[in-house]
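To find a chain, count down the sequence lines: A is the first, B the second, and so on, and within it residues start at 1.
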Number of protein chains: 2
Amino acid sequence: MSFLCKIVRMANEAQALNERAQLLLKTLVERYIADGQPVGSRALSKISGLDLSPASIRNVMADLEEMGFIASPHTSAGRVPTARGYRVFVDTLLTVKPLDRIEIHQLEGQLQVENTQKLVASASHVLSELTRFAGIVVTPRRASGFRHIEFLKLAEKRLLLILVTADGDVQNRIIQTEKVYSPSELVEAANFLNQKFAGCTFEEIRGRIHAELKQLREDMTQLMSAALAAGDQAVTDSAEDVVISGEVNLLGIDDLSSNMGKLRDLFNLFEHRTTLLQLLDVSSRAQGVQIFIGGEAGLQPLDECSVVTAPYEVDGKIVGTVGVIGPTRMAYERVIPIVDITAKLLSSALTQR
Amino acid sequence: MSFLCKIVRMANEAQALNERAQLLLKTLVERYIADGQPVGSRALSKISGLDLSPASIRNVMADLEEMGFIASPHTSAGRVPTARGYRVFVDTLLTVKPLDRIEIHQLEGQLQVENTQKLVASASHVLSELTRFAGIVVTPRRASGFRHIEFLKLAEKRLLLILVTADGDVQNRIIQTEKVYSPSELVEAANFLNQKFAGCTFEEIRGRIHAELKQLREDMTQLMSAALAAGDQAVTDSAEDVVISGEVNLLGIDDLSSNMGKLRDLFNLFEHRTTLLQLLDVSSRAQGVQIFIGGEAGLQPLDECSVVTAPYEVDGKIVGTVGVIGPTRMAYERVIPIVDITAKLLSSALTQR
DNA sequence: CGCCAGCACTCTCCGTGATTGAGCGCCAAT
DNA sequence: ATTGGCGCTCAATCACGGAGAGTGCTGGCG
């Protein structure tokens, strides 16, 4: 709702600018992104392509400033884009150039498809390498049910419990038993669970197990409860989590590293997974690439950062989000396609399996 | 060898100092560690406990400087300890106060014993929390052999392969098959491997499998090679790795964050696991807590850092290292027992299982 | 009405002293 | 051996001033 309003307002704002103003804003933002210095009227008049004197440029710039798209750090500096300026820029002025085939292939080659965990980790890593910012991936959420269990004897009173969930995820844990189980007892217990409960959720199992338990000898209860505990663990572990790579890259960004305090806040944010998740969950409601500029997400540590995200899907259903966190002054036209393609590659890699 | 020489030289160096000089060096280092300012003769004369005037103190300080234990950043500043000064301090002057029972219990409570991975991660986290520096743990090395395998059918041509190594580690991977295997074929293949090769290393299996393979139908070869690949993966994955937590803490240390460049080098070092491993492997050759001061380890990024490590063991055998990376100006008397106890708790947690 | 040259004004950025204060080294006296 | 005293050095801080960059405004021109 408020989201739609925002879009509309944005379009209006952009329309309020005549073509010249738009071009100049675009040129200014591009220039500022390129070299990080406030852009003055002289410079703008040279590179804009329009044949206008600095004085005329200044008039337009004054308008742009009044409308809140640009601002000057101090009287005798050039102008820099404001958050709103960036907003208009990415929404209506930006021209993204898609990655060429070679780059896509390289990117694809770097994804490690062995298992979901590695896939997610490598996607995050690839994002950080390609953009030289921090890469983030929200792990796929899944509806986990019970598929298969196995008990393996490690020592007299030590068992290895292996649990396979419906989505093919494998959990394992070592349990100390009070009683010594024979291999056949272990097989029996496993068979019981596998036959009775395959396909059920752990919730269901918990509900039914008391009734069914009579069929088994009493000394099996320890195995059962261990299995259930592992199941719960599996559910907990497969909850959404966010994987971040290349935070180090952000240390090198002078926009951010200039004031240590902010930088530390930012890194602390990275350790606060839940907060990040909330932000990224929003992104998974919409299709395609989304961009959060500055504090738009409502998190102060992200003041001078932008977050570029895109959801990825399995079998047509959105299951997670990939993205990049970098300084607001980033090369959006490069980052956007990278995030976009990564999301798509991740989708197809996950769907194939 | 050169290591022994060093120890001996150190002892000599300490002996070359008379009692007064030792006390003053100790006081100076303690004071410097406490507030990070160069310590002047006036301050030292006040807090040393000795009843000496600043002028006398200055004489001693001049001697200490000549011997290379302290240095002054510039003419009109006090003195700060050099790396050698710290060395003597921790080797012969330092008085550590052991943790009290309550702290040990708190520490123990924070370790998550569910499985090895979590245990190691939590140990690293605890170290970083307690010291407010970066915690490091080298994962236990193990001699991995084959114990058990299982094939589980996920879909027509998709299998889940579960591999248990001798040390109870579980590997799993999804494989796409060309042929559709029946459940009984999968059981047959698993049984074949489990009976023939239980207890072998993957090397041995690779050697023997060609000979033994004739006994099985030809279409089993894909399963076998997949199993071997997973085995190799298991060996690779269970190779030593180092887990680091709380790097963020180092951002707050003003000794380090004063020059960004170094800080970045340091963080890059953290991403270079192999380099760190080499350093930490050294530590696992000796018993008890070891301390590397400044660049002693031969790594420039650690210029202004110290590394405090201690090996941990399973069944009396050293299998890994825990430690802390922080600024050279750290409260050694606090950090040393923390690292020491963590190593011991980790040892006992791993031995119990 | 749009454009533009010119001019005064405002700030930041540096470099240059001048001042202050901490701390040392040396020396002569005890 | 210890100590008080003296002169010296050097970092840190501040004030001042000029240079440079860029703006806003005004008045003139097509």
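The six-membered or imidazole ring of B:F270 lies near that of B:F267, with a centre-to-centre distance under 6.0 Å.
Using a 4.0 Å cut-off, no side-chain N or O of A:R58 falls inside it from OP1 or OP2 of C:dC3. A sub-4.0 Å separation between OP1 or OP2 of C:dC4 and a side-chain N or O of A:R42 is absent. Phosphate proximity of C:dC3 to A:S53: absent, as no side-chain N or O sits under 4.0 Å from OP1 or OP2.
Taking atom CD1 of B:I57 as the reference point, atom P of D:dG5 lies 17 Å away to the nearest angstrom. Distance, B:Q37 CD to C:dG21 C1': 14 Å, rounded to whole Å. Here the C1' atom of nucleotide D:dG24 and the CD atom of A:E66 are 13 Å apart, to the nearest Å. Atom CG of B:L44 is separated from atom P of C:dG23 by 11 Å (rounded to the nearest Å). Protein atom CG of A:N59 is 11 Å distant from nucleotide atom C1' of D:dT23, rounded to whole Å.
Using a 4.0 Å heavy-atom criterion, one finds that A:E65 contacts the sugar-phosphate atoms exclusively. If you check every strand for non-hydrogen atoms under 4.0 Å, B:S76 touches a base. Residue contacts shown for A:A55 include a base, since a base heavy atom lies under 4.0 Å away. At a threshold of 4.0 angstrom between heavy atoms, the contacts of B:S41 are confined to the sugar-phosphate backbone, with no base atom among them.
Within 6.0 Å of CD on B:E271 lie more than 12 heavy atoms contributed by other residues, nucleotides or ligands. Within a 6.0 Å radius of CG in A:D51, other residues, nucleotides and ligands contribute 12 heavy atoms or fewer.
Comparing atom distances between the B:M61 side chain and each of C:dC11, C:dC24, C:dC4 picks out C:dC24 as nearest.
Under the 3.5 Å distance criterion, with hydrogens and angles disregarded, no donor-acceptor pair is assigned to the side chains of A:S128 and A:S245.
Of the residues near DNA chain D, B:L52 and A:A77, the one whose nearest nucleotide (by heavy atom distance) lies more toward the 5' end is B:L52.
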